[in-house]
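Take a look at the structure below.
Position 1 is the first residue of the sequence, and the numbers go up from there. Whatever order the structure lists ligands and atoms in, that order sets their numbers, starting from 1. Only a predicted model underlies this, so the values are computations on that prediction, with no experimental measurement involved.
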Amino acid sequence: MNELDNLAEAARAEFAQAATPADLENAKARYLGKSGRITELMKGMAALSVDEKKTRGAAINLAKQAIESALSQRRQALADAELDAQLKAEALDVSLPGRQRGAGGLHPVSLTLERIEAIFGSMGFEVAEGPEIESDWFNFTALNTPEDHPARSMHDTFYVEGGSAKAPNLLRTHTSPMQIRHAVQHVKRHRAALDAGQGMPEIRVIAPGRTYRVDSDATHSPMFHQCEGLWIGENVSFKDLKVVFTDFCRTFFESGDLVLRFRPSFFPFTEPSAEIDIQFQSGPLAGRWLEVAGSGQVHPNVVRNMGLDPERYIGFAFGMGPDRLTMLRYGVNDLRLFFDGDVRFLSQFR
Ligand code: PHE
């Protein structure tokens, strides 16, 4: 084997050693680059005679071609290997079972709230929402609640930062502050007509949302839901409350023979007041009286705080517990299940 064959062989061996395209290009430069071995050999021919140049040049060219072909073979081999590795890394096994993405669903209490909104919506009630951090005024004072009422105590109410010592902020303990908030807005919109003695359209609204009390056991959660209802007009009576609420309960529970009982009670913001109990005539809960809401005729002081004349405007309010309605509707016996977030429980309501 002559010197040129050795050179081509050495190049082939070096190319084979190159593990990456960059290594290969470096190896190439050592043979075919500006100061590579082949280029050096070419330069070395300058001193030769014409005949010697012919034979020597042809021999060098053969070696150069051998090196170039070794180079392009190695380039191809490296490119193939890279593609192989990439294909392997991105391999997709189409025989594997698909990854299931579970379909979500609404929370059972959300289902109830939607149901409440739909039913009262069909009876002409608007839906209003309001803040969960309330002022003492809207939550208690405007609702005719005396300074020393036990509901105001730290044992029952979560007080939060902000507000003043005399008028602290708190997490609303019921949705009743929405009676005032909504009515005040309504009255504002119709102020001119009211001042002109023309009256205003009736207030008919429900206000669902989260409420908070210092309380926690199987049937009480520190955060729970309420839905307020308010109907104020010039001629709205307790009879209307009975009709509307009976209609609502029968529709909600899909139970046409469901019976209601209005049991005398007390709330500072209604007079007279009543607890509303329902009784199923069939099914697992048949025969038992179940409390579902507080209600009553809106107290004249509250009507006044709405910016209305209690001599002219009268109506009723009610507050119910959507969590409890959900428990009754689905036969759930522990309220905490609603707030644990256990998918095994929640997925049953899809
Ligand atoms: N806010 C009362 C409660 O939380 C319920 C209620 C609302 C009673 C409206 C009367 C009128 O218990």
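- Inspection of the Gln297 and Glu271 side chains reveals no N or O donor paired with an N or O acceptor under 3.5 Å.
- Below 30°, between 30° and 60°, or above 60°: for Phe125 and Phe318 the angle between ring planes is between 30° and 60°, a tilted geometry.
- For Asp217, the side-chain hydrogen bond (donor to acceptor under 3.5 Å, both in side chains) partners two or more places apart in sequence, or in a different chain, are Thr219, His220.
- In this view, Asn235 satisfies the side-chain contact (heavy atoms from CB on, under 4.5 Å) rule with no residue, not counting sequence neighbours.
- Phe140 is not listed as a side-chain neighbour of His149, based on a closest heavy-atom distance of 4.5 Å or more.
- Protein residues with any heavy atom under 4.0 Å from ligand 1: His174, Ser176, Gln179, Arg213, Gln226, Glu228, Phe267, Phe269, Thr270, Gly294, Ser295, Ala317, Phe318, Gly319.
- Residues meeting the side-chain hydrogen bond (donor to acceptor under 3.5 Å, both in side chains) test with Ser216, sequence neighbours left out: none.
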